[in-house]
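Since the model is a prediction, treat every value here as computed from it, not as a measurement. These values consider heavy atoms only, across backbone and side chains, with no hydrogens, waters or symmetry-generated copies.
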Amino acid sequence: MDTTIRSLPLGGPSQTLPEAIRAVLDSTVAIASLWACMKLHGGQFDRPEIVLSLLVFALTFPSKANAYQRRRAIVRDVFASWALTCFALLFFGYAGRFLGHFDLQAIAMWALVTPVVMVGAHFGLARIAHNMAIDKARKVLVVGVNPIAGGLVRKMRAAPHLGLQFAGFIDDRAETRLNSDSRKHLLGRIDELSALVVQHNIDVVYITLPISSHPRIMAMLNTLRDTTASIYFVPDVTVFDLIQARVDDVDGIPVLAVCETPFQGVHGSLKRLMDVVLSAGALVALAPVMAMVAMAIRLESPGPIIFRQRRYGLDGRDIVVYKFRSMTVTEDGDKQYKQVTVGDSRVTRVGRLIRATSLDELPQFVNVLQGRMSIVGPRPHAVAVNEHYRKLISGYMIRHKVRPGITGWAQVNGYRGGDDINQMRKRIEFDLEYLRSWTLRLDIYILLRTVLLVFRDAKAY
């Protein structure tokens, strides 16, 4: 429940100025600190620094530290997040051979100074938020006693910086049907709404009744026209399997996104930039290894070096995926597909080695450069596998709202292989969680986990 409410920016009084500032605080501090360090070292804030600033923004927005955490927790979160950001930037710089474009002394100073300034900025913002919350607290009445109302109230109580003071519930159900906390804060019935708003000096009314209660909601809205209270409808979206849920508008008409790709706008551009830089760097760095693998495959058995297979890509369109051939057969997997098993006689000796070390996947960096795949994303399945499981697993095709990846969240959590319904359900569960939770930092984390798994993955055979 809490996750649902947090992921929906519904607007209104909960979006206070300190909260808006907090979202961009780390990004602003990091970029300003970079500019200051470059100036102190007599350098120019030129094209490389601008590109670095864009990467920093992508990695630090929105800020994670909460204004009402304990100070020790703020320090811990800021330093941990900044350390991961610096590691990711160093990884990008080394892989793309960009480090030579920067004054490394200025960059080192920037890396050390920035988290200290961030912590000070968060402390200052916490003080501002506290003062504003005290000065501008608004009394809130919640219509309806249900799980989403309970989650809303918990948010208000846990985050006083929102400036919302919970006054009570109203509901038509008998008190015996409510829990003790709800009974304690029950102010009256729905037909008393207007009078209760005036009696308790209510500033904001949140209506949490289900969408099916449309006639009752319209009646309440008509009643509340005789008050000055602000009114918000909190839709019960927990009935949906939310993917990147948010409120948007179509030329002024509000719309609620229930299922959307995380790679819209600047996020998509940054994801693609990372893919191009890292895949190009990997192909150059690993060219000798790929040449040796190709030679070993050619010497061991007849057949093509590169195995091509049709799979589903972005938006469910067919793509051709490249792999080093590791088997004596080259099944396309269009009509049927037999999953590789332990000791599978179809796998060659070279094939066992390159499958165990994931070297068979290296040609897919070409797929990434072509724009057919991403480095991180849900793994693509053979067409026959897709057609089989899409009928058995609800939401299976949602994973195709993004480009498939060479590695993914399911794979680093132990769901690389297996062709049974339970294994596939777990794999899809992790794929959809990746879509819900995507950040550039998550991609970096998955890449690091993948590197650690390469030589000790028991499910690579």
Side-chain angles (χ1 to χ4, degrees), residues 1-9 62 147-148 151 235-248 255-265 267-268 270-272 274-275 311-319 321 337 339 364 368 372-450 453 459:
M1 177 59 59
D2 290 350
T3 301
T4 300
I5 295 172
R6 181 173 61 249
S7 63
L8 289 175
I148 198 163
D236 184 2
V237 293
T238 57
V239 296
F240 307 112
D241 185 13
L242 300 177
I243 305 290
Q244 293 294 319
R246 63 176 179 267
V247 172
D248 210 334
V255 293
L256 175 64
V258 174
C259 182
E260 180 56 280
T261 174
F263 305 130
Q264 289 282 4
H267 287 161
L270 288 168
K271 171 84 165 172
R272 183 64 185 142
M274 185 182 82
D275 282 342
R311 301 192 179 188
Y312 282 0
L314 181 64
D315 295 326
R317 301 191 189 99
D318 279 7
I319 62 171
V321 172
Y337 180 76
Q339 182 77 24
Q364 288 171 28
V368 175
R372 296 176 183 173
M373 292 180 64
S374 179
I375 292 179
V376 180
R379 283 290 297 156
H381 297 152
V383 172
V385 174
N386 264 23
E387 292 304 314
H388 175 65
Y389 283 110
R390 69 187 297 180
K391 302 169 186 175
L392 302 177
I393 301 175
S394 176
Y396 180 95
M397 290 301 291
I398 295 174
R399 67 199 300 273
H400 295 293
K401 292 194 71 64
V402 300
R403 289 184 180 91
I406 297 176
T407 185
W409 188 227
Q411 283 64 44
V412 299
N413 279 283
Y415 293 95
R416 168 173 174 163
D419 190 19
D420 63 80
I421 187 68
N422 293 326
Q423 286 282 315
M424 188 62 75
R425 284 190 196 279
K426 293 297 294 185
R427 200 181 307 171
I428 301 309
E429 180 183 316
F430 277 101
D431 287 343
L432 297 187
E433 182 59 32
Y434 172 76
L435 266 65
R436 294 186 191 98
S437 309
W438 179 85
T439 64
L440 212 53
R441 275 177 286 193
L442 178 58
D443 273 6
I444 299 298
Y445 178 70
I446 291 171
L447 283 173
L448 295 176
R449 287 275 301 273
T450 300
L453 271 174
K459 294 191 177 181

Looking at every heavy atom in both [X] and [Y], which two are closest together, and how far apart are they?
X: Met373; Y: Arg272; value: O-NH1, 4.4 Å
X: Met274; Y: Asp443; value: CE-OD2, 3.6 Å
X: Pro380; Y: Gly405; value: CD-O, 3.6 Å

Problem set entry | Side-chain ion pair, Lys401 and Asp315, N-O less than 4.0 Å | no
Close side-chain approach of [X] and [Y], heavy atoms under 4.5 Å:
X: Tyr415; Y: Gln423; result: yes
X: Pro404; Y: Ile319; result: yes
X: Ser374; Y: Val402; result: no
X: Val321; Y: Arg372; result: no
X: Asn386; Y: Val383; result: no

What residues form a side-chain contact (heavy atoms from CB on, under 4.5 Å) with [X], not counting sequence neighbours?
X: Leu448; answer: Phe87, Ile444
X: His267; answer: Trp438
X: Ile446; answer: Val376, Thr407, Trp409, Val412, Tyr434, Leu442, Thr450

Atom [atom1] in [X], atom [atom2] in [Y]: separation rounded to 0.5 Å?
X: Arg390; Y: Ile398; atom1: CZ; atom2: CD1; value: 12.0 Å
X: Arg449; Y: Asn413; atom1: CZ; atom2: CG; value: 5.0 Å
X: His400; Y: Thr261; atom1: NE2; atom2: OG1; value: 13.5 Å
X: Ile406; Y: Gln364; atom1: CD1; atom2: CD; value: 5.5 Å
X: Leu432; Y: Arg436; atom1: CG; atom2: CZ; value: 5.5 Å
X: Phe430; Y: Leu435; atom1: CZ; atom2: CG; value: 14.5 Å

Exercise. So, His388 and Tyr396: side-chain donor and acceptor under 3.5 Å apart, yes or no?
Worked result: no
Problem set entry | Modelled atom types, side-chain donor and acceptor of Tyr445 and Arg441, under 3.5 Å | no
Exercise. Between Asp275 and Val368, is there a donor-acceptor pair closer than 3.5 Å when you use the side chain of the first and the backbone of the second?
Worked result: no
For this session: Check whether any side-chain N or O of Arg399 sits under 3.5 Å from a backbone N or O of Gly377 as a donor-acceptor pair, and report yes or no.
Result: no
Problem set entry | Option passing side chain to side chain contact (heavy atoms under 4.5 Å, CB included) with Tyr389 (candidates Met397, Met424, His381, Arg427) | Met424
